[in-house]
Amino acid sequence: MTVTATAPSDSPPRAGWDALTAELDTWAAAGRTATLWWRDDDAVEPTPALDRMIALSVETGAPLALAVIPAGVTDALAPVVDAAPTVTVLQHGWSHANHAAPPAKKAELGADRPAAAVLAELAEGRTVLDRLFGPRALPVLVPPWNRIAPGVAAGLPGAGFAGLSVFGPRRVSTVNMMCVNTHIDPVAWKDGKRFLGDAESLGMAVAHLRARRLGTVDAAEATGLLTHHLAMDDETWAFTARYLTVTRRHPAVRWLSADTLFATVFAAEGLR
């Protein structure tokens, strides 16, 4: 199947899949490349759901950045990752434990504990992932619940990290700490973890792509899909597969691996 570009338009986008295609067609007509990436959170061990996610990555050719929880990871996950050429590993906090006092939003890396204690845990996590995954484990932190206190973020380089990934358009990009975020989450977390729906999920994708194209957010930040293999219903799986397939076929799209996204800062810090 070949998707051809149409004339560019800045009129309000249509809903759903038509909106996504129209936005990507506008990128193509302008001679621009829409970079995309994919992060999946909460991995600790091999499961049928994780096998399904990795198979989807291999089948579509879309690189998968797997956010692994160091305190819970099992040795059995290492050969699974080693056998999957499209997968790299990021660090998902330390134990994915909530330390925030109610009614504050959940956070493991918040300001409720001394930053030094939090950073010591994260440094231990780096050691665990390096042992299990070697060079497949990148020095990139994914904070549980996508929240991190400024004091903890400031200490990340000293704990061995060169990259950070949360949710929403990035605001942080420095020489020694690059931020590459996700922008599309198809799970309705406050409504039984059901599928959010095509219109809302694709609306997030189109909104970020459009904002990049118009220069209202950092145009260089790849648009990120966020999945959770352990919390997806059949509709969410179907959406994910279709999103990967549709975008991979579009001439304006280039899918990037986490290795590629963070390569500049890794080189600058001598970490890769």
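Computed from a prediction, not measured in an experiment: that's the story for all the values here.
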Which value, rounded to the nearest 0.5 Å, describes the distance between [X] atom [atom1] and [Y] atom [atom2]?
X    : Y    : atom1 : atom2 : answer
T74  : L132 : OG1   : CG    : 8.0 Å
C179 : L261 : SG    : CG    : 11.5 Å
T47  : D51  : OG1   : CG    : 6.5 Å
H92  : S165 : NE2   : OG    : 10.0 Å
H96  : D41  : NE2   : CG    : 7.0 Å
D234 : F239 : CG    : CZ    : 15.5 Å

Query raised in the report: For the residue pair W38 and W255, does the interplanar ring angle fall in the parallel (under 30°), tilted (30 to 60°) or perpendicular (over 60°) class?
Result: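 Rings of W38 and W255: perpendicular, as their planes differ by over 60°.
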Requested in this report: Can you label the angle between the W17 ring and the Y243 ring as parallel, tilted or perpendicular, going by 30° and 60°?
Outcome: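 Aromatic pair W17/Y243 classed tilted.
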Does [X] share a hydrophobic cluster with [Y], counting links as ILVMFWY side-chain heavy atoms below 4.5 Å and allowing steps through other members?
X    : Y    : answer
V253 : L225 : yes
W145 : V118 : no
M232 : M204 : yes
L226 : L244 : yes
I184 : L20  : yes

Query raised in the report: Please walk me through it: do W37 and T182 pass side-chain contact (heavy atoms from CB on, under 4.5 Å)?
Result: CA-CA 8 Å; W37 81 295; T182 55; 3.9 Å; yes
Considering all heavy atoms, the nearest [X]-[Y] contact:
X    : Y    : value
V44  : G72  : CB-O, 3.6 Å
V152 : G110 : CG2-O, 4.2 Å
L230 : D42  : CD1-O, 3.9 Å
F195 : P186 : CD1-O, 3.4 Å

Sub-4.5 Å side-chain heavy-atom contact between [X] and [Y]:
X    : Y    : result
V89  : L138 : no
R113 : E121 : yes
L214 : R212 : no

Requested in this report: Determine, stepwise, if the pair H228 / K193 fulfils side-chain contact (heavy atoms from CB on, under 4.5 Å).
Outcome: CA-CA 10 Å; H228 292 77; K193 299 181 182 179; over 6 Å; no
Query raised in the report: Do Q91 side-chain atoms and P139 backbone N/O form a donor-acceptor pair below 3.5 Å?
Result: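 It does not hold such a pair.
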Query - Check: D112 main-chain N/O paired with H99 side-chain donor or acceptor under 3.5 Å - result: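 Side chain of H99 to backbone of D112, a donor-acceptor pair under 3.5 Å: no, none is there.
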Requested in this report: Check the pair T33, W27 against side-chain hydrogen bond (donor to acceptor under 3.5 Å, both in side chains), reporting the backbone distance first and the verdict last.
Outcome: CA-CA 7 Å; T33 298; W27 281 71; over 6 Å; no
Report task. Give the C-alpha distance, both sets of side-chain angles, the deciding distance and a yes or no for salt bridge (charged side-chain N to carboxylate O under 4.0 Å, His left out) between R39 and D185. Result -> CA-CA 10 Å; R39 195 186 94 206; D185 185 350; over 6 Å; no
Query raised in the report: Salt bridge between E108 and R147, side-chain N to carboxylate O under 4.0 Å?
Result: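 Salt bridge absent between E108 and R147.
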Query - Note: R194-D233 ion pair, threshold 4.0 Å (strictly below) - result: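 Salt bridge absent between R194 and D233.
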**Report entry** Among V87, V73, V128, side-chain contact (heavy atoms from CB on, under 4.5 Å) partner for F133
**Finding:**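 Testing F133 for a side-chain contact (heavy atoms from CB on, under 4.5 Å) against V87, V73, V128 leaves exactly one candidate, V73.
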**Report entry** Name of the residue among L156, L119, N146, L141 meeting side-chain contact (heavy atoms from CB on, under 4.5 Å) with L109
**Finding:**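 Exactly one option meets the side-chain contact (heavy atoms from CB on, under 4.5 Å) with L109, and it is L141.
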**Report entry** Heavy-atom neighbours of R254 CZ exceed 12 at 6.0 Å
**Finding:**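 Counting other residues, nucleotides and ligands, CZ of R254 stays at 12 neighbours or fewer.
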Query - Verdict with reasoning, H250 to D25, per side-chain hydrogen bond (donor to acceptor under 3.5 Å, both in side chains) - result: CA-CA 8 Å; H250 199 284; D25 285 350; 2.7 Å; yes
Report task. Test T223 against T35 for side-chain contact (heavy atoms from CB on, under 4.5 Å), laying out the working first. Result -> CA-CA 6 Å; T223 299; T35 50; over 6 Å; no
Query raised in the report: Passes side-chain contact (heavy atoms from CB on, under 4.5 Å), L56 versus T240? Steps please.
Result: CA-CA 9 Å; L56 190 56; T240 301; 3.9 Å; yes
**Report entry** Distance-only polar pair, side chains of D40 and T227, donor-acceptor under 3.5 Å
**Finding:**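 Note: D40 and T227 side chains meet the donor-acceptor criterion.
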Query raised in the report: E59 and R248: salt bridge (charged side-chain N to carboxylate O under 4.0 Å, His left out), yes or no, with the steps?
Result: CA-CA 11 Å; E59 178 185 343; R248 285 285 292 175; over 6 Å; no
